[in-house]
Number of protein chains: 2
Amino acid sequence: MKSSTLKEIAEKLNVSVSTVSRAVNQKEYVKEETRERVLRALEEYNYVPNEVARSLKMKSTKTIGIVVPDICETLFGMIIKGIDQVVSPQGYSIIVSDTNENKKNEEKYLNLLYQKRVDALVLATVDLKGTKAYEYIKSGIPVIFIDNIPALDIPVESVTIDNAKASQMAVEYLIGNGHQKIAVIGGSVDETTGYERISGYRDTLRKHGIEVDEQLIRYGMYKEDDGFRCMQEFLNNRGQSAFSAVYVTSEMMTFGAMKAIRQYGLRIPDDISIVGFDVHDKAGLVYPSITTVREPEVLIGTKVGELLLARLKKERKDMCQLEEDNKVLLDPDLEIGQSVRCIL
Amino acid sequence: MKSSTLKEIAEKLNVSVSTVSRAVNQKEYVKEETRERVLRALEEYNYVPNEVARSLKMKSTKTIGIVVPDICETLFGMIIKGIDQVVSPQGYSIIVSDTNENKKNEEKYLNLLYQKRVDALVLATVDLKGTKAYEYIKSGIPVIFIDNIPALDIPVESVTIDNAKASQMAVEYLIGNGHQKIAVIGGSVDETTGYERISGYRDTLRKHGIEVDEQLIRYGMYKEDDGFRCMQEFLNNRGQSAFSAVYVTSEMMTFGAMKAIRQYGLRIPDDISIVGFDVHDKAGLVYPSITTVREPEVLIGTKVGELLLARLKKERKDMCQLEEDNKVLLDPDLEIGQSVRCIL
DNA sequence: CTGAAAGCGCTAACAC
DNA sequence: GTGTTAGCGCTTTCAG
């Protein structure tokens, strides 16, 4: 039951390997009769093309590397799914690597994928220096960033949501419901996502003539604990800096914040309104349902897939480096739940 | 910034490719001095081994194919993570394919992975015939099944939980809390998981001298809607067949069932107790928290990884087919929440 | 239309 | 210790 090689088929049929190859790839001119003879033999001898050999020859592995901090996060799962959906019909496969949010791991995986000669790389980096990714780009391998975009001095391609807009939507929704004193729990401002979300918050407040109260801004590292802790601080500090609503910029921190509020004996949205980020309530059983900004995950994936395919096709002719940045910004969604009270 | 080849390095150093190769692979005897000279050159000329060429020669791609119905399901995400954790240190990469629960897709992916010559396959199949997987096994490629195990007439290897035991744990927990009339929502009995879970339920009731009431058994296809519908039927039928608790054998159906109960104006656990399966409440915000049987996901992954590594190592010497089934059964966990009322 | 031959980058006998 | 050589299985000129 071992699958045979072109050469074996060729021998059995007394034709040359090149003829068989041509028949297999439906290329060039092969006499209809021989083609059929070959095709039949392929079946009979159970031929399956060896993509490894083809890769070596063609200098293309039909393989795309995806490196994410945590494959279990719904966001990344969906993105991977989206990418797979669009690239697999073209024969591309996806190698995923889960770095566990660890820089060292990321580097190891990036090296491994380089050895395996992936045709392209999709990267949700935790290394803001992006040193390793730099090497990929330099050697002409298409790299698309999702989530964070590292600071590189060469043109990069990325697909992310418009984080500033996301914050704007969240904050304006709160303002629209009468809230003026809006606290925020941001992520690390060293990262583009964290930075953009917080500045979006600030800008939107200002735009609506609301003064930014630095006491109402806290930062966490995206974990549930961080959300919990920041919320506690807000709550303890409520005497000085009152607020009626809070905007939390990540899913787990949103959960943490909600728990802090509950533990304080306060109710959502009666006492405090909350808008989350990327909250996924698969069960639909969280009460009250959470109003949240949300990335269009699958769309990100399919967009990445399309970009990839486009570049992979072009790359063939001219090993073109990107001339300039291509930062695709997708619109976030605002999913309305019942966690915001209208106080107008 | 293109990485060079062994040959190029060899030329620059005026040594042969094999010497360079030996130095790279730290193999055999190379004079310490030459080794160092080579190693330095590798750095200088930015050499990165071409794994494709090596794969062709070695007939091993250091690549493992994983095919799952839905990568976004926490269960599969965790399993993939677990596998990756144990195989990547050995230089293996993982190609994932998301079949979207579709048999045709599954076949397509299985073919693609075969072409790519993955060294092994991990498969959560939706094709109970397992026709395609059969070919892998026949051609000597290690296959490990997770989740469902197809009916094949050759020895197979699998890592799953002990589904009968899972049901036993769920049902005995309910019985221990005084429940006697226990309804169940099962999955498709054509699949091993569905079948085993339901028979585990039956056996456990009998073992405790409780008669099985067929009216209290319903089947769904694992979707939320199915859980909702089955629960409705139970509820509508409650006049004839009363019950105080329900055991639901999948996560989404559990959510559906809970919604049906709520919509009926009944409370959990006051009116009806519920035990779920594989319920993940990442937020920890579902109220009441759900008592659920749970697969030890990461453990499944790491176990699969170890099995894989073991076979991949052996496979080198003797292309040994499995002599007999190797079905690894892992113990499920019972996570106690507040969805079961004690009526003793 | 078909075949011969080179070569993708690497490993592993086998010589020297 | 090191070099030579023969492929791994495939694609692709270039001849015929």
Side-chain angles (χ1 to χ4, degrees), chain A residues 2-39 41-42 45-63 91 114-119 139-140 316 319, chain B residues 2-39 41-42 45-63 91 114-119 139 316-317 319:
Chain A
K2 289 223 62 68
S3 68
S4 35
T5 68
L6 276 194
K7 195 169 145 213
E8 285 165 12
I9 304 273
E11 277 162 8
K12 312 238 191 215
L13 262 53
N14 262 316
V15 294
S16 72
V17 270
S18 33
T19 302
V20 183
S21 171
R22 283 190 276 255
V24 171
N25 297 296
Q26 335 256 20
K27 280 225 266 195
E28 302 183 36
Y29 307 96
V30 184
K31 206 201 298 175
E32 192 48 34
E33 186 200 318
T34 23
R35 177 197 303 291
E36 278 175 15
R37 221 155 58 88
V38 171
L39 259 27
L42 295 184
Y45 297 110
N46 181 35
Y47 172 78
V48 181
N50 185 325
E51 191 65 39
V52 179
R54 189 179 280 173
S55 295
L56 181 59
K57 183 74 198 177
M58 309 295 276
K59 297 179 175 318
S60 153
T61 53
K62 288 280 197 174
T63 273
Y114 196 105
Q115 286 194 198
K116 296 234 159 98
R117 297 297 193 266
V118 292
D119 287 350
S139 49
R316 214 114 303 278
M319 208 53 170
Chain B
K2 288 222 64 66
S3 68
S4 35
T5 69
L6 277 194
K7 195 167 145 214
E8 286 165 11
I9 304 273
E11 278 163 7
K12 312 236 191 216
L13 261 56
N14 261 317
V15 295
S16 74
V17 272
S18 36
T19 302
V20 184
S21 171
R22 282 190 277 254
V24 171
N25 297 295
Q26 334 255 19
K27 280 226 264 196
E28 304 185 33
Y29 306 95
V30 184
K31 206 203 296 178
E32 193 48 35
E33 186 200 317
T34 22
R35 177 197 302 293
E36 277 175 16
R37 221 155 59 87
V38 171
L39 259 27
L42 296 184
Y45 297 111
N46 181 34
Y47 173 77
V48 182
N50 185 324
E51 191 64 39
V52 179
R54 189 179 280 174
S55 295
L56 181 58
K57 182 74 197 175
M58 309 294 276
K59 296 178 173 319
S60 154
T61 54
K62 289 281 198 170
T63 273
Y114 197 105
Q115 287 193 197
K116 296 233 159 98
R117 297 295 193 269
V118 291
D119 287 350
S139 48
R316 214 114 303 278
K317 338 194 146 290
M319 208 54 171

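Labels below follow one simple rule: chain letters A, B, ... track the order of the sequence lines, proteins then strands, and each chain is numbered from 1.
B:Thr19 has no side-chain polar atom (N or O) that falls below the 4.0 Å cut-off from OP1 or OP2 of D:dT2. The phosphate of C:dG9 (OP1 or OP2) has a side-chain N or O of A:Lys59 nearer than 4.0 angstrom. Contact annotation: B:Asn25 side-chain N/O to C:dT11 OP1/OP2 distance is under 4.0 Å. Residue B:Ser21 places at least one side-chain N or O under 4.0 Å from the OP1 or OP2 atom of C:dT11.
Side-chain contact check for B:Tyr45 versus B:Lys12: some heavy-atom pair is nearer than 4.5 Å.
Remark: P of C:dA6 and CG of A:Leu56 are 17 Å apart, rounded to the nearest angstrom. Between A:Arg54 atom CZ and C:dG9 atom P the separation is 18 Å, expressed in whole Å. Taking atom CE on B:Met58 and atom C1' on C:dA12, their separation rounds to 9 Å, with Å as the unit. Atom NZ of A:Lys7 and atom P of C:dA5 are 14 Å apart (whole Å). Rounded to a whole Å, the OH atom of A:Tyr47 is 8 Å from the C1' atom of D:dG9. Rounded to whole angstrom, the span from the NZ atom of B:Lys57 across to the P atom of D:dG9 amounts to 10 Å. If you take CG of B:Asn50 and C1' of C:dC8, they are 8 Å apart, rounded to a whole angstrom. Taking atom CG on B:Leu6 and atom C1' on D:dG3, their separation rounds to 14 Å, with Å as the unit.
A:Ser18 comes within 4.0 angstrom of a nucleotide base, judged by non-hydrogen atoms across all strands. No contact: B:Val52 has no heavy atom under 4.0 Å from any strand.
Judged by distance alone, with hydrogens and angles left aside, the side-chain atoms of A:Ser3 form no donor-acceptor pair with the main-chain N or O of A:Tyr47 at under 3.5 Å. No side-chain donor-acceptor contact under 3.5 Å links B:Lys62 to the backbone of A:Lys116.
To the nearest 0.5 Å, atoms OG1 (B:Thr19) and CD1 (B:Ile9) are separated by 13.0 Å. In this structure, B:Leu39 CG and B:Thr34 OG1 are separated by 10.5 Å, a value rounded to the nearest 0.5 Å.
Which of C:dG9, C:dG3, D:dG9 sits closest to the side chain of B:Thr5 comes down to C:dG9.
Closest-nucleotide positions on DNA chain D for B:Thr34 and B:Ala53 were compared, and the one nearer the 5' end corresponds to B:Thr34. Nearest-nucleotide positions on DNA chain D for B:Arg35 and A:Pro49 put B:Arg35 closer to the 5' end.
Residue-to-nucleotide contacts include a donor-acceptor pair under 3.5 Å from the side chain of A:Arg22 to the base of C:dG3.
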